[in-house]
Amino acid sequence: AETFNGGKIFNANCSACHIGGANILIEHKTLQKAALSKYLENYDIEPIQAIIYQIQNGKGAMPAFKNKLSYQEILEVAAYVFQKAETSW
Ligand code: HEM
């Protein structure tokens with residue numbers, strides 16, 4: 001149920017830039033496991049926390065979502081991204 005809701009949140013808020021786990025603005029910074037491990041700080045230590053931090057605060061051209069999504073929504077979409085990365089989208 002959590003990742004189902006996460007998928008809906010992803011489609012509504014993230015897929016414009018990250019459809020299918022891609023990155024339309026910075027093409028090598030995808031949401032695939034290898035890219036997350038390489039580019040997202042602390043991903044290998046605390047993957048869910050690392051994704052949550054990026055969603056809350058944004059980075060570069062990616063907007064922050066902490067005033068747009070609730071913490072519960074951020075947690076659900078982070079869990080969705082992690083699960084999709086683990087299964088190569
Ligand atoms: C990077 C998730 C929305 C643009 C990332 C990364 C994650 C992420 C986990 C790190 C990927 C990596 O470094 O390989 C999300 C989620 C979103 C979202 C879950 C929705 C809640 C967006 C939107 C845009 C965007 C709407 C475009 C307007 C980017 C860009 C980067 C990025 C440009 C690279 C940032 C940098 O390192 O300079 N995103 N994103 N993201 N995202 Fe998003």
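For ligands, and for the atoms within them, numbers begin at 1 and follow the listed sequence.
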Student: Keeping Asn42 on the side-chain end and Ile45 on the backbone end, is there a donor-acceptor pair under 3.5 Å?
Tutor: no
Student: Could you pull out every protein residue that has a heavy atom closer than 4.0 Å to ligand 1, ordered by chain and then number?
Tutor: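 Near ligand 1, by chain and number: Asn13, Cys14, Cys17, His18, Asn23, Leu25, Ile26, Lys29, Thr30, Leu31, Ala35, Leu36, Tyr39, Gln54, Ile55, Lys59, Ala61, Met62, Pro63, Phe65, Val81.
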Student: State, yes or no, whether a side-chain contact exists between Leu31 and Phe10 at a heavy-atom distance under 4.5 Å.
Tutor: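 Yes, close enough: below the 4.5 Å cut-off.
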Student: Using modelled atom types and a 3.5 Å cut-off, is there a donor and acceptor pairing between side-chain atoms of Ser70 and backbone atoms of Glu73?
Tutor: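 Yes, because the side chain of Ser70 sits within donor-acceptor range (under 3.5 Å) of the backbone of Glu73.
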Student: Is there a path of hydrophobic side-chain contacts, each under 4.5 Å between heavy atoms, that joins Ile48 and Ile9?
Tutor: yes
Student: Sequence neighbours excluded, which residues qualify as salt bridge (Lys or Arg N to Asp or Glu O under 4.0 Å) partners of Lys84?
Tutor: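 None.
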Student: If only atom types and distance count, is the side chain of Asn57 paired as donor or acceptor with the main-chain N or O of Ala64 below 3.5 Å?
Tutor: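 It does not hold such a pair.
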